[in-house]
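Just below is one structure, and these are the notes that go with it.
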Amino acid sequence: EQTLQSTLAAYQTGKTEFLMFIDAYKMVLMSKLDYYMAEMNYMQSQAMLEQAVGLNVNQIKERIK
C-alpha cells in the first residue's frame, strides 16, 4: 500500500504514467486476494479436520495435552 501511495503521489506530480499507478493498484488488490485465499484455505482445512476427527479445534488441543 505504501508503493501505491507513492505511485499516486508521483502520478499527481507528473513523474509517472497512469499505467504505473494502475499496476501498483492491481498489485495491492492481488496481495489482498492472496491473503483472503490463504485465510479461506486455512479455515477450510480446519473445518475438514474437525469433520474428520469429530471434535472442534479447542477439543483437539485439550486431548493432546
Side-chain angles (χ1 to χ4, degrees):
E1 295 212 10
Q2 289 176 342
T3 302
L4 177 62
Q5 294 303 319
S6 66
T7 305
L8 175 60
Y11 172 70
Q12 289 173 336
T13 59
K15 294 181 180 177
T16 192
E17 298 176 359
F18 181 70
L19 290 178
M20 294 295 290
F21 172 70
I22 294 297
D23 189 48
Y25 185 73
K26 181 179 120 182
M27 293 301 288
V28 169
L29 290 179
M30 294 301 292
S31 295
K32 287 181 180 181
L33 178 63
D34 288 343
Y35 168 79
Y36 288 117
M37 289 296 291
E39 188 174 15
M40 185 266 315
N41 286 331
Y42 170 77
M43 290 180 178
Q44 185 178 30
S45 296
Q46 182 177 334
M48 289 171 59
L49 174 65
E50 289 175 349
Q51 183 180 17
V53 176
L55 302 168
N56 68 34
V57 173
N58 292 330
Q59 291 170 329
I60 296 169
K61 288 179 185 176
E62 287 298 318
R63 294 231 178 153
I64 291 174
K65 290 182 182 179

same_hphob_cluster([X], [Y]) at 4.5 Å side-chain heavy-atom cutoff:
X   : Y   : value
V57 : V53 : no
L4  : I22 : yes
M20 : L29 : no

Take atom CD in E39; do more than 12 heavy atoms of anything else shown fall under 6.0 Å from it? yes
Counting heavy atoms not belonging to Q59, are there more than 12 under 6.0 Å from its CD? yes
Report yes or no: does E1 contribute a side-chain atom to a donor-acceptor pair with the main-chain N or O of V28 at less than 3.5 Å? no
Under 3.5 Å: donor-acceptor pair, side chain of D23, backbone of L19: no
To the closest 0.5 Å, what do you measure between [atom1] ([X]) and [atom2] ([Y])?
X   : Y   : atom1 : atom2 : result
T13 : L8  : OG1   : CG    : 9.5 Å
S6  : F21 : OG    : CZ    : 10.5 Å
S45 : M40 : OG    : CE    : 9.0 Å
K61 : N56 : NZ    : CG    : 9.5 Å
M43 : E50 : CE    : CD    : 11.5 Å
D34 : M27 : CG    : CE    : 9.0 Å

Would you indicate whether the side-chain heavy atoms of R63 and L55 approach each other to under 4.5 Å? yes
Going by the rule side-chain contact (heavy atoms from CB on, under 4.5 Å), which residues pair with A10 if we only count those two or more places apart in sequence or in a different chain?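 For A10 the side-chain contact (heavy atoms from CB on, under 4.5 Å) partners, ignoring immediate neighbours, are K15, T16.
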For T7 against A24, the heavy-atom pair lying closest together: OG1-CB, 3.8 Å
